[in-house]
Protein chains: 2
Amino acid sequence: MEDVARLAGVSKMTVSNVVNNRAGVSEPVRRRVLEAIRRSGYRVNVSARTLKSGRTGVIGLAVPDVEAAYFGHLASHVIAEARRRGFHVAIEESGANAGGEADAVTRSRTLQFDGLILSAVALDRLEEPADAHYPLVMLGEQDFGGRFDHVAMPNEEGTHAATAHLADQGCRRIAIVTGGSLEGVNMVSRRYRGYRAALAERGLDAGPPLLFVLDDMSMEAGRAAAHRLADSGLGVDGVVAVTDTVALGLLRGLADRGLRVPGDVRVAGFDDVPPAAYAVPSLTTVAPDHRWMAAKAVELVVRRIAAPLRPTGRYVAPFQLVVRESSAAG
Amino acid sequence: MEDVARLAGVSKMTVSNVVNNRAGVSEPVRRRVLEAIRRSGYRVNVSARTLKSGRTGVIGLAVPDVEAAYFGHLASHVIAEARRRGFHVAIEESGANAGGEADAVTRSRTLQFDGLILSAVALDRLEEPADAHYPLVMLGEQDFGGRFDHVAMPNEEGTHAATAHLADQGCRRIAIVTGGSLEGVNMVSRRYRGYRAALAERGLDAGPPLLFVLDDMSMEAGRAAAHRLADSGLGVDGVVAVTDTVALGLLRGLADRGLRVPGDVRVAGFDDVPPAAYAVPSLTTVAPDHRWMAAKAVELVVRRIAAPLRPTGRYVAPFQLVVRESSAAG
DNA sequence: TTGTAGGCGTTATCAA
DNA sequence: TTGATAACGCCTACAA
């Protein structure tokens, strides 16, 4: 900066004013400075600016697993929306466990992200006594008792719609394939509740034999569940999967056992990840409005960065049930 | 930091020494300082440290599209390897075009990433006169004339192996579905060359009618290509797809037209993304060693950060041809 | 309209 | 083994 100032024959302060487009710099001086910047290849030092201002202009996005299709999808929307608002996004991987998610918060502050969007799957009790007002927006399904801004998925509503749809297509023995804990309030328990409610309304069986619980929510686990389901002799004719990833594994596992979809079994997923539309058969699924969620989450962090003490809010994403081949009638 | 120093009754410098695990601090003092840190909730200010040291400890990873399965896959390996070496990874989206990729480099320097791994698909002539020694590692397929460290895919070798395999399975009319420019040296032209070579060795047809060029390399484009291919009357019995994403779209498009895979047409892809194993039918594909590539790329940036002037190198990833249902014999 | 002084939090250097 | 000082590059506040 000093070099530029010398080259242009002005002070550092004038250079700063030009760089930041501040008023009060005469046109000829401004031009001299810009020329000097160009010639010297000067570039502002973000660290110095950050040190002074206390802001980095970076929003963190912590997701359980960057590899999962769903998160790539989400990330691209968050990046776009943040850019629109003049922020930059840094993606963090938290691992799908409470420790990793708590670490992500700590790391986010250490790295001085101005705020963090945390797609939490495991963290239900987050303790942050030291600095309770770090701008933190929860994205996901758990219950945080109103302590954080929270963009939620339409978990119950979505699964309810998917289950009801399968029933409407003629399914009578509808299983659910899910993972994680059915205790407490989280994605899994909420989706399970939507499934139960839809079956109850129609007087259809629900009970444990139709409940398949996975160790994790991977494609491989979905595939294994399909094998168990096919071998169970339960006469299952419909399956609600807790996520599309699991559903895609299911489709594969049912194919392994020679079961036709939708001929023998109808399947519905949740998320509408891109591969869902291209699977063979294409996958019926609950499609939350990801763009809406991303935009909302970014809006909330940005607002909270500006006003750390404003009251928190909870917002549920709108969704559509996208009906495709995997649940076709007849 | 001053607070901590006061609390522990030492100087800021001693606090710094304790925080950084430097030798030359007596045990009792160290303990006092750690206790003071704990009580005060002190956290180092990364910006200040960066300002002083000129290093952020962050490596950028610029990918064309965070949404593509392949890049999520890659990113998770890069993150793991970087963490092992004490670096943090920031993921950037460049858009699959030369402008976006050049911007990614500029942004990387503005944001003061210590180095950048650039998965370039469009950038063939990168000009950076101002600061030619920014640690930059190219990941991908283009030819950079030895100006950068470069981790390349086994493009020709891989496609050659896939094409030869289809021929060995009995295919006689093998098409290729690809995208982008066949001019110059890039991923697409390299893969095309591997395909031509394998066909030539076996005296099989190649020529333009069997070449399907896409506008982009999306699933949707792959699907559309399958429709064109099915409607072409060319009697195609094998297809080499330039990527798995395209191949998965192809499988979908062939299903749309009632063509059975592998019964009527055999298909091979490139990348071995996770969904490839779970597709119906599961996809035969060229599987470059992604972990190896990620590790190599990180190793190269880290080395170049330490020694900006060392000579550049080019490294080609090892690969395996993973044979699955989509190319089964008979 | 432009310039000067001081400080953001850290660490390298050198002195005690 | 510990501490004082200066400097990293920028920006706020104030003075000219």
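Chain letters run A, B, ... following the sequence lines, proteins first and then strands; every chain starts at 1.
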Margin query: Which residues pass the salt bridge (Lys or Arg N to Asp or Glu O under 4.0 Å) test with D3(B), not counting sequence neighbours?
Written below: R6(B)
Check: Partners of R31(A) by side-chain hydrogen bond (donor to acceptor under 3.5 Å, both in side chains), sequence neighbours excluded?
Finding: none
Next item on the list: Name all residues meeting the side-chain hydrogen bond (donor to acceptor under 3.5 Å, both in side chains) criterion together with S47(B); count only those two or more places apart in sequence or in a different chain, and write none if there are none.
Entry: Q112(A)
Checklist line | Any residue meeting salt bridge (Lys or Arg N to Asp or Glu O under 4.0 Å) with R30(A), in chain and number order, not counting sequence neighbours | finding: none
Checklist line | Contact residues, residues 17-28 of chain A to DNA chain C [heavy atom, < 4.0 Å] | finding: G24(A), V25(A), S26(A)
Check: Out of curiosity, L118(B) CG to S94(B) OG, how far, rounded to the nearest 0.5 Å?
Finding: 6.5 Å
Note to self: Taking side-chain hydrogen bond (donor to acceptor under 3.5 Å, both in side chains) as the definition, give me every residue that meets it alongside R55(B), ordered by chain and number, with sequence neighbours left out.
What the structure shows: none
Margin query: With heavy atoms of chain B within less than 4.0 Å as the criterion, where does contact along DNA chain D begin and end?
Written below: dT1(D) to dG9(D)
Note to self: Classify M1(A) by what it touches in the nucleic acid, base, sugar-phosphate, or nothing, heavy-atom distance under 4.0 Å.
What the structure shows: sugar-phosphate
Check: Among all residues two or more places apart in sequence or in another chain, which pass the side-chain hydrogen bond (donor to acceptor under 3.5 Å, both in side chains) test with E2(A)?
Finding: none
Notebook entry, point to check: Which is the 5'-most and which the 3'-most nucleotide of DNA chain C that has an atom under 4.0 Å from a heavy atom of chain A?
Noted result: dT1(C) to dG9(C)
Note to self: On DNA chain D, does the nearest nucleotide to K52(A) precede the nearest nucleotide to G9(B) from the 5' side, or the other way round? Give the residue.
What the structure shows: G9(B)
Note to self: So, using salt bridge (Lys or Arg N to Asp or Glu O under 4.0 Å) as the criterion, who are the partners of D271(B) when residues are at least two apart?
What the structure shows: none
Next item on the list: For R22(A), check salt bridge (Lys or Arg N to Asp or Glu O under 4.0 Å) against everything at least two apart and list the hits.
Entry: none
Below 3.5 Å, can you tabulate the donor-acceptor pairs from side chains in residues 78-90 of chain B to any protein atom, sequence neighbours excluded?
from: E81(B); atom 1: OE1; to: R84(B); atom 2: NH1; distance (Å): 2.4
from: E81(B); atom 1: OE2; to: R85(B); atom 2: NE; distance (Å): 3.1
from: H88(B); atom 1: NE2; to: E92(A); atom 2: OE1; distance (Å): 3.3
from: H88(B); atom 1: NE2; to: E92(A); atom 2: OE2; distance (Å): 2.1

